[in-house]
S.K.: 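Dumping the structure here so I can ask a few things about it.
Heads up: numbering here begins at 1 and tracks the sequence.
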Amino acid sequence: MEGVDYLGDERNKAQFDVEAMKVAWAGSPEAFEVCDRMAKLVANDPVFEKFSKPMLGRKELFKNTLRKAAHAWKLFNDLHLTEEEAKWLRHYIDEPNYTDLHWEMFVPALEGQCTEEQKKKWLPLAKTMQIIGTYAQTELGHGSNVQGLETTATFDRQTEEFVIHSPTLTSSKWWPGGLAKVATHAIVYARLIIDGHFHGVNGFIVQIRSLEDHSPLPGITVGDIGMKFGHGTYNTMDNGVAKFDHVRIPRDQMLMRVSQVTKEGKYVKSNVPRQVGYATMVSVRQTIVADASKALSRAVCIATRYSAVRRQFGSRNGGPETQVIDYKTQQNRLFPLLASAFAFRFASNWLKSLYTDLKQRLQVNDFSTLPEAHACTAGLKSLTTAATAEGIEECRKLCGGHGYLISSGLPELFAFYVPACTYEGENVVMLLQVARFLVKTVSDLGNKQPVGTAAYLGRVAPLTQKNCVVQTAEDWLNPGAIVEAFEARAARMAASCCQRLAEYKSPEEGFAELSADLVEASLAHCQVIVVSTFIRRLQQDIPGKGVKQALEVLCYVYALFLLHKHQGDFLATGYLTPKQASLANDQLRTLYSKVRPNAIALVDSFNHTDHYLSSVLGCYDGNVYPKLYEAAMKDPLNDSDIPDGIRQYVQPILKQKLHSAKL
Ligand SMILES: Cc1cc2nc3c(=O)[nH]c(=O)nc-3n(C[C@H](O)[C@H](O)[C@H](O)COP(=O)(O)OP(=O)(O)OC[C@H]3O[C@@H](n4cnc5c(N)ncnc54)[C@H](O)[C@@H]3O)c2cc1C
């Protein structure tokens with residue numbers, strides 16, 4: 001029935017102020033207002049309809065995405081949106097497209113890597129979209145190993161130009177979003193060669209297409225790399241391949257903020273330190289952590305609402321069956337994901353402040369916190385994207401068979417989200433970078449006290465000697481006990497890796513041999529960061545009746561679930577006894593009963609519109625079954641009872657006339 005709230009009883013159980021929790025989730029009343037306004041703007045605009053997306057062929061899908069992007073740009077201008085509003089508008093449109101690369105990679109790269117003079121030329125063009133840019137780093141043969149890129153940029157002193165060239169098939173640029181059909185320009189990363197000498201990999205602004213008729217410029221072969229995982233999702237994006245055949249660009253199109261090539265062909269480093277480039281990376285990865293919390297919250301919202309609607313077994317005297325959300329196994333799979341969404345949200349907010357602090361320090365050439373900030377964002381990128389990808393898939397399973405339907409929203413969300421584990425730093429490669437940082441930090445302890453998120457490693461000796469003092473399940477409801485447990489486990493794992501590394505002839509050989517253990521130590525370190533950040537957030541003022549209490553429960557769920565999942569580490573490092581690990585698990589069960597009445601209100605706090613969720617299982621009113629039915633009836637196969645092909649290929653079988661049929 002229209003207008004009935006099938007989840008009304010669940011909402012009435014909430015023990016906290018949902019509106020205040022929405023603000024806590026958004027970060028501030030102002031942030032909530034902007035997100036809410038942009039979400040509604042998109043949801044109420046028919047151009048942004050997305051239900052039919054999975055039914056469209058690639059060409060229609062792509063064209064439809066171009067239309068949405070053009071409409072969004074028009075809204076941006078007509079409504080005079082701020083950059084923040086425009087970012088949220090693009091987010092709620094929920095369709096990967098060339099503008100993501102333009103605004104999130106091309107423009108920041110120009111801002112971060114151009115000289116002032118270059119910025120004056122390129123930024124006004126980019127910001128008014130008179131040119132559309134992409135970021136072309138990855139090649140067919142090389143991704144993670146940037147120093148292995150093969151594209152060359154050879155300086156020609158006579159003409160003061162760089163010659164961009166793809167010497168091999170594997171040097172073709174491969175993956176850049178928007179490159180295949182839309183981008184007019186790309187920042188191309190290539191090996192700089194002057195007089196036969198290699199001067200590292202540098203970025204160059206290369207025009208790809210004519211600004212008159214959009215055709216590729218001479219010497220550039222460009223196309224799409226083909227369909228990707230999922231139906232709609234990432235296939236709305238024209239990820240491209242490009243080969244360059246001695247393409248000439250002017251000397252001033254090298255990104256010259258950090259290093260330059262003079263007219264005479266001299267390679268000179270400017271007075272801007274190379275490290276400023278890392279700040280951009282920190283910024284991009286902070287956004288990825290924020291995106292993880294958004295994607296996970298979306299999947300959890302769908303699975304939680306559906307779990308409250310869905311009933312299986314347990315009927316007494318002909319009464320209703322049990323809501324599947326009341327099964328402890330369902331809670332044990334779902335509630336830690338709900339808690340993780342909040343944990344990642346707070347981690348991303350904290351990363352944002354870390355980035356602001358880093359930017360200010362870099363401006364005055366203070367690089368002291370850079371290695372730690374770099375390791376921390378690389379690690380959190382890896383932890384949050386991996387957990388979110390797994391979490392979305394778990395939410396699909398939590399919805400049983402219906403979760404496998406495209407109309408549940410979950411398969412497409414998974415297909416859309418899962419490449420986050422690979423792009424912007426492949427996750428394992430990221431954890432190995434964290435491992436290098438940890439090894440260096442532990443090895444330098446005699447000379448240097450670690451700071452920030454690594455400060456606890458400065459206490460590695462006491463953390464190795466002290467053991468957990470928990471005696472009852474209640475004792476686990478203590479932030480100090482939780483933080484110490486995570487720190488002790490991580491410090492012991494890092495110290496043990498360092499000890500074993502010392503047994504190898506060369507550090508590199510040891511690092512390669514122990515890399516799987518080092519990755520585990522890095523993950524343990526990243527978990528310290530997320531757990532401590534959540535706890536620190538709770539030490540701040542959080543207005544609204546019951547809001548802080550509800551978040552405290554989620555914080556303990558997050559920490560104790562991780563402790564249970566990784567109890568092998570906690571036990572093997574000797575910090576916990578099996579009894580203490582078992583008490584943590586007892587406490588976790590009790591905490592689930594505290595989450596249960598708040599579950600629906602907690603997912604309402606994400607403030608996701610039905611448009612954004614695009615899920616018949618996760619709709620706000622919980623009226624799941626009619627929506628499932630209606631979505632099924634819209635499938636093109638249901639246009640007629642006897643679709644194309646039945647008369648030709650099925651009836652001859654039934655009528656035993658296959659041998660004479662025209663197949
Ligand atoms: C949807 C999507 C969009 C993208 N968009 C862009 C874009 O706009 N522009 C762009 O330039 N690129 C883009 N990329 C490319 C992306 O950045 C690369 O795929 C990514 O950097 C990983 O590199 P790779 O594919 O070469 O993986 P590889 O590095 O080849 O990884 C393959 C495997 O090897 C392992 N491995 C690699 N190195 C090591 C090591 N040292 N030790 C241990 N294991 C290792 C990895 O863990 C992984 O399991 C995109 C990719 C995707 C999926």
Side-chain angles (χ1 to χ4, degrees), residues 38-39 41-79 81 85-107 126 129-136 174-186 208-209 214 216 222-242 287 291 294-295 298 406-407 409 411-420 423 609-615 634 636:
M38 290 302 116
L41 181 68
V42 172
N44 294 326
D45 191 326
V47 174
F48 297 130
E49 180 278 329
K50 56 182 180 167
F51 225 82
S52 56
K53 233 166 71 173
M55 316 291 181
L56 301 178
R58 179 84 199 277
K59 284 185 178 171
E60 278 174 286
L61 185 67
F62 181 62
K63 188 173 172 190
N64 197 31
T65 303
L66 295 183
R67 178 178 177 232
K68 288 183 185 179
H71 187 61
W73 183 237
K74 188 167 183 297
L75 285 179
F76 173 81
N77 288 303
D78 291 353
L79 303 177
L81 299 184
E85 287 168 334
K87 197 183 77 187
W88 283 107
L89 182 82
R90 284 203 306 280
H91 171 73
Y92 286 116
I93 293 170
D94 188 32
E95 199 149 306
N97 68 70
Y98 67 91
T99 61
D100 300 346
L101 266 293
H102 180 78
W103 293 110
E104 281 152 39
M105 298 298 290
F106 184 68
V107 171
M129 294 201 92
Q130 292 178 70
I131 61 171
I132 295 171
T134 183
Y135 188 87
W174 190 273
W175 269 118
L179 175 66
K181 302 292 164 191
V182 184
T184 62
H185 288 68
I208 304 291
R209 295 187 162 82
H214 212 71
V222 64
D224 192 276
I225 62 169
M227 292 282 279
K228 289 141 288 185
F229 192 23
H231 251 269
T233 58
Y234 237 98
N235 292 309
T236 54
M237 179 76 95
D238 53 326
N239 293 93
V241 44
T287 309
D291 288 346
K294 289 172 202 157
R298 194 166 157 178
I406 294 272
S407 62
E412 292 287 270
L413 179 59
F414 182 71
F416 158 76
Y417 187 75
V418 81
Y423 57 58
T609 60
D610 281 353
H611 173 275
Y612 180 62
L613 290 175
S614 53
S615 164
K634 282 186 187 156

S.K.: Check whether R90 reaches the backbone of A72 with its side chain - one donor and one acceptor, N or O, closer than 3.5 Å.
M.R.: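 Absent.
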S.K.: Starting at NZ of K59, measure out to CG of N64 and round the result to the nearest 0.5 Å.
M.R.: 15.5 Å
S.K.: Is any side-chain heavy atom of M129 less than 4.5 Å from a side-chain heavy atom of T99?
M.R.: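 Answer yes - side chains close enough.
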S.K.: Which heavy-atom pair separates A136 from P176 by the least distance, and what is that distance?
M.R.: CA-CG, 3.5 Å
S.K.: Just verifying a value: how many Å separate R298 CZ and F416 CZ, rounded to the nearest 0.5 Å?
M.R.: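 Reported value, rounded in 0.5 Å steps: 7.0 Å.
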S.K.: Are N239 and Y234 close enough that some pair of their side-chain heavy atoms sits under 4.5 Å apart?
M.R.: yes
S.K.: For H91, look at atom NE2 and say whether over 12 heavy atoms of other residues, nucleotides or ligands are found less than 6.0 Å away.
M.R.: yes
S.K.: Can you tell if the side chain of E104 reaches within under 4.5 Å of the side chain of T287, non-hydrogen atoms only?
M.R.: no
S.K.: Working to the nearest 0.5 Å, report the span between CG of D291 and OH of Y417.
M.R.: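 If I round to the nearest 0.5 Å, the distance is 7.0 Å.
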S.K.: Within a strict 4.5 Å, meaning less than it, do heavy atoms of the H214 and T184 side chains meet?
M.R.: yes
S.K.: Grab the two heavy atoms, one from A69 and one from N97, that are nearest each other, plus how far apart they are.
M.R.: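 Nearest heavy atoms, A69 then N97: CB-OD1, 4.1 Å.
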S.K.: In the structure I gave you, are the side-chain heavy atoms of K181 and L66 within less than 4.5 Å of one another anywhere?
M.R.: no
S.K.: Where do A183 and I208 come nearest, in terms of heavy atoms and distance?
M.R.: O-CB, 4.0 Å
S.K.: Does D610 have any salt bridge (Lys or Arg N to Asp or Glu O under 4.0 Å) partners at least two apart in sequence or in another chain, and if so, which?
M.R.: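 Partners of D610 by the salt bridge (Lys or Arg N to Asp or Glu O under 4.0 Å) criterion come out as none, since no residue qualifies.
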S.K.: Report yes if the side chains of E412 and S615 come closer than 4.5 Å at any heavy-atom pair, otherwise no.
M.R.: no
S.K.: Which value, rounded to the nearest 0.5 Å, describes the distance between F51 atom CZ and I406 atom CD1?
M.R.: 10.5 Å
S.K.: Any idea which heavy atoms bring R209 and V222 closest together, and the distance?
M.R.: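 Smallest interatomic distance, heavy atoms only, reads NH2-CG1, 3.6 Å.
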S.K.: So, do V107 and H102 sit near enough that their side-chain heavy atoms are less than 4.5 Å apart?
M.R.: yes
S.K.: Should the heavy atoms of other residues, nucleotides or ligands under 6.0 Å from CZ of R67 be counted, would the total exceed 12?
M.R.: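 12 or below, so no.
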S.K.: Does any part of the side chain of F62, heavy atoms only, come nearer than 4.5 Å to the side chain of V182, both counted from C-beta?
M.R.: yes
S.K.: To the nearest 0.5 Å, tell me how far W174 CH2 sits from L179 CG.
M.R.: 11.0 Å
S.K.: To the nearest 0.5 Å, tell me how far M237 CE sits from T134 OG1.
M.R.: 7.5 Å
S.K.: Please check if the side chain of K68 supplies one atom and the backbone of E49 the other of a donor-acceptor pair under 3.5 Å.
M.R.: yes
S.K.: Just jot down the side chain to side chain donor-acceptor pair (under 3.5 Å) partners of N44, sequence neighbours excluded, or say none.
M.R.: none
S.K.: With a 4.0 Å cut-off, would you call D94 and K53 a salt bridge?
M.R.: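 No salt bridge links D94 with K53.
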S.K.: What are the two closest non-hydrogen atoms of Y98 and G178, and how far apart are they?
M.R.: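 Y98 and G178 have their closest heavy atoms at CB-CA, 3.8 Å.
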S.K.: Taking K50 for the side chain and Y612 for the main chain, is one N or O donor matched with an acceptor at less than 3.5 Å?
M.R.: yes
S.K.: Under the criterion side-chain contact (heavy atoms from CB on, under 4.5 Å), which of V42, D45, L41 is the partner of Y92?
M.R.: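 Exactly one candidate clears the test, V42.
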S.K.: How about H71 and F48: are their ring centroids closer than 6.0 Å?
M.R.: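 Centroid separation for H71 and F48: below 6.0 Å.
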S.K.: Between F106 and A126, what is the shortest heavy-atom contact and its length?
M.R.: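 For F106 and A126, the tightest heavy-atom pair comes out as CE2-CB, 4.1 Å.
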S.K.: Between S614 and G409, is there a donor-acceptor pair closer than 3.5 Å when you use the side chain of the first and the backbone of the second?
M.R.: no
